[in-house]
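This report refers to the structure that appears directly beneath it.
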Protein chains: 2
Amino acid sequence: MDRITGENVFMAVGIRDVARAAGVSPATVSRVLSGTPVDPAMRDAVLKAVETTGYRPNLAARRLRSRHTNTIGLIVADIRNPFFTAVSRTIEDMANRQGMRIILCNTDEDPAKEEAYLGLMEEERVTGVILAPARSTRKRPPRDFPTVLIDRTIPGEVFDCVVLDNISMADALVQHLVQRGHRRIAGLFGAESNTGRERRIGFEEAAARLGIAATSHAVPHADGEAAQVLHGILAGADRPDAIVASNGVMLLTVLRELRVLGLRVPGDIALAGFDNNDWMEFVGDGLTVIEQPVDEIGRTAMTMLAERIAHPENPARKVVLQGRLIVRGSSAAVDAAADMEAQSR
Amino acid sequence: MDRITGENVFMAVGIRDVARAAGVSPATVSRVLSGTPVDPAMRDAVLKAVETTGYRPNLAARRLRSRHTNTIGLIVADIRNPFFTAVSRTIEDMANRQGMRIILCNTDEDPAKEEAYLGLMEEERVTGVILAPARSTRKRPPRDFPTVLIDRTIPGEVFDCVVLDNISMADALVQHLVQRGHRRIAGLFGAESNTGRERRIGFEEAAARLGIAATSHAVPHADGEAAQVLHGILAGADRPDAIVASNGVMLLTVLRELRVLGLRVPGDIALAGFDNNDWMEFVGDGLTVIEQPVDEIGRTAMTMLAERIAHPENPARKVVLQGRLIVRGSSAAVDAAADMEAQSR
DNA sequence: TTGTAAGCGTTATCAG
DNA sequence: CTGATAACGCTTACAA
């Protein structure tokens, strides 16, 4: 594999050249560029000199000297997961508006990668980090930068974090399915993340409260293994009449397996889950889901990070956001589903 | 932060501290860290000292002094477009494996934003840039870094670039639809990007060759306006019997409008387009699309960038990649579609 | 307000 | 191979 070696030599124009062209000192140029009050005449001379010389400040030098990097690390599991894509985009927009740079990293749920990236953040001397911790309950060593967790918490550790109200959202999903007449519901949850655990708890509590038969299953993160587990659940004789999937990616895995088995939604089995993607209204009669407030999650994370930076000694805060139940065709009652199919003839 | 004293101990440990702890000079520490040959005994001493002191090199200082940033700028229209998400992920993975950092920017098709980000890249002294140019035919001023274009070219400018064979892929789509018995095909293309233009050309050429009535439409980038244009095309009495959409985002816009009008795919109208997303096999009987080799696009862009950096004087190259036609239910012949619906009763 | 000068933490140079 | 020393390009005391 060819390694990138070369380096382009930039225009050699530095702050001293601008100073000379403007007939002022480098310090004055620096002041103009940083907005410090400067005599208007000099200011104009400097700006003109910047223009004519084509000067571009060297951000590496600036960061080294000023000791602030204006950089935020954003570490997620996989940017291809639409939930993280959306949250990242919001965070990048906010950051850019504040003159901050983002370093984006994908852990693929691998604790080793997460560790490596956190190390990288230290070397970058980042202002702060927004982290969706990899599915792992291990303790994180304390870091030298403010950190805000998104999507997932780390049990027993005190970090600022912003998460969904997973328990009550899962509860709402079960309640909805029961209302629609479903009685044998299977829940599919990530085994390792705290978020998966919370959703399972909400799922089981609601089922118990409503007195229905609900079984929850731990689904591995790897796609192949997940399909296998799903097959076991769906192919048996005692197939559930409804499925709850713990997130959007899993929802897709379920759709894939249902297709393999030739099962139809909602005719043969109802389906509901977490995360609302733009395509979900178009599969079948639409997928019933809990929509996460992705924009608000991103905004809140950025705000919390800023406050943590400003007040390092404040106690850690946990912000729990509500989602929104979007009811679509995939959770229709079996009777209603039959009706709809009859009508469509 | 040291949790006892509240002092930031981390920032204080520099290469000199490591040198002192190891009983060597700072230069030797630097050599060990950069892999330059060093006496094994000293090497071990340094590595141990790095460990005990918890030393983290300061990347800003390293970049300033060494004059290479190991950073690549990646500028796309919108990371939420799954095509860019996928390409970005591939590029980030390759970059990380080579010890390179990525700076990701979204232009939202705004030339001003593109301009601003290109300026930022100069201030970051990036090693190179991978750019999906905003839909705009304007000339770009020459920059001080190697640049590789993806997805779109800039007519009349000499840049390395890697693009899809848009003309023949659009041609293949039309050919397929005609084969399936469709005769009145409407093509929807982005008006401003060169990619949209090329796809339109392939579309029109194929239609002319095959002697069918095909009309191409320029669809604005903004979602609301796009819907309006679509409405005009689909709601009239002379509704086409098939639609070709120029990309995945537009495909979704079409689905939305079809839903509003209560038109069914492929019963009332056939549908095909560009970009293959993971959900597309699940809407209706699946969406017929041209799949772009996203992974290869990313890999090729990185490779070309590396080669451009190594050989700045080489002539610019254009790599044209083939896509793959994935035939699914949305392009079924009207008769076949009727059959399928009959069977499903 | 402005200029002078001293670093920020690292790597490159060059002499030993 | 190793160590002293001088930058890299900028900001910021501190002095004027």
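Convention: sequence-line order gives letters A, B, ...; per-chain numbering from 1.
Using modelled atom types, one finds a donor on one side chain and an acceptor on the other under 3.5 Å when comparing S25(A) with T28(A). A donor-acceptor contact closer than 3.5 angstrom is absent between the side chains of S193(A) and T195(A).
One can place OH of Y55(B) at 7 Å from C1' of dG9(C), the figure rounded to the nearest angstrom. Between the CZ atom of R56(B) and the P atom of dT10(C) there is a distance of 13 Å, given to the nearest Å. Atom CG in L59(B) sits about 9 Å away from atom P in dT10(C), given to the nearest Å. Per the geometry, CZ belonging to R67(B) stands 11 Å off P belonging to dT13(C), to the nearest Å. dG9(C) atom P lies 14 Å from atom NE2 of H68(A), rounded to whole Å.
Of the residues in residues 26-38 of chain B, those lying under 4.0 Å from DNA chain C by heavy-atom distance are A27(B), S30(B), R31(B). Listed by residue number, the members of residues 15-24 of chain A with any heavy atom below 4.0 angstrom from DNA chain D are I15(A).
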Working for salt bridge (charged side-chain N to carboxylate O under 4.0 Å, His left out), residues R143(A) and E123(A): CA-CA 12 Å; R143(A) 295 285 171 179; E123(A) 303 190 347; over 6 Å; no
Could you give me the CA-CA distance, side-chain angles and deciding distance for E109(A) and R152(A), then say whether salt bridge (charged side-chain N to carboxylate O under 4.0 Å, His left out) is met? CA-CA 12 Å; E109(A) 308 286 2; R152(A) 307 161 185 181; 2.9 Å; yes
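Between P57(B) and I15(B) the shortest side-chain heavy-atom distance does not fall below 4.5 Å. V87(A) has its side chain out of reach of Q292(A): every pair of non-hydrogen atoms, C-beta onward, lies at least 4.5 Å apart.
Although no hydrogens or angles enter the test, the distance criterion places a donor-acceptor pair under 3.5 Å between the side chain of T147(B) and the main chain of F145(B). Side-chain N or O atoms of T53(B) include none that pairs as donor or acceptor with a backbone N or O of V18(B) at under 3.5 Å.
For S66(B) and dT11(C), the shortest distance from a side-chain N or O to OP1 or OP2 is not below 4.0 Å.
The environment of CZ in R43(A) is sparse: at most 12 heavy-atom neighbours from other residues, nucleotides or ligands sit within 6.0 Å.
For R16(B), the salt bridge (charged side-chain N to carboxylate O under 4.0 Å, His left out) test picks out no residue, with sequence neighbours left out. Take D160(B) and apply the salt bridge (charged side-chain N to carboxylate O under 4.0 Å, His left out) test, not counting sequence neighbours, and it matches R308(B).
A stem is defined here as three or more consecutive Watson-Crick or G-U pairs, each with both distances under 3.5 Å; for DNA chain D these stems are C:3-16 with D:1-14.
Between K48(A) and D44(A) there is no salt bridge, since none of the side-chain N atoms of the basic residue sits less than 4.0 Å from a carboxylate O of the acidic one.
On the nucleic acid side, DNA chain D contacts chain A at distances under 4.0 Å to non-hydrogen atoms, with the end points of that region at dG9(D) to dA13(D).
M100(A) and T71(A) get closest at one heavy-atom pair: SD-N, 4.4 Å.
In this model, a side-chain donor or acceptor of R65(B) finds a partner on the base of dT11(C) within 3.5 Å.
Nearer the 5' end of DNA chain D, as judged by each residue's closest nucleotide, is the contact made by P40(B), out of P40(B) and L64(B).
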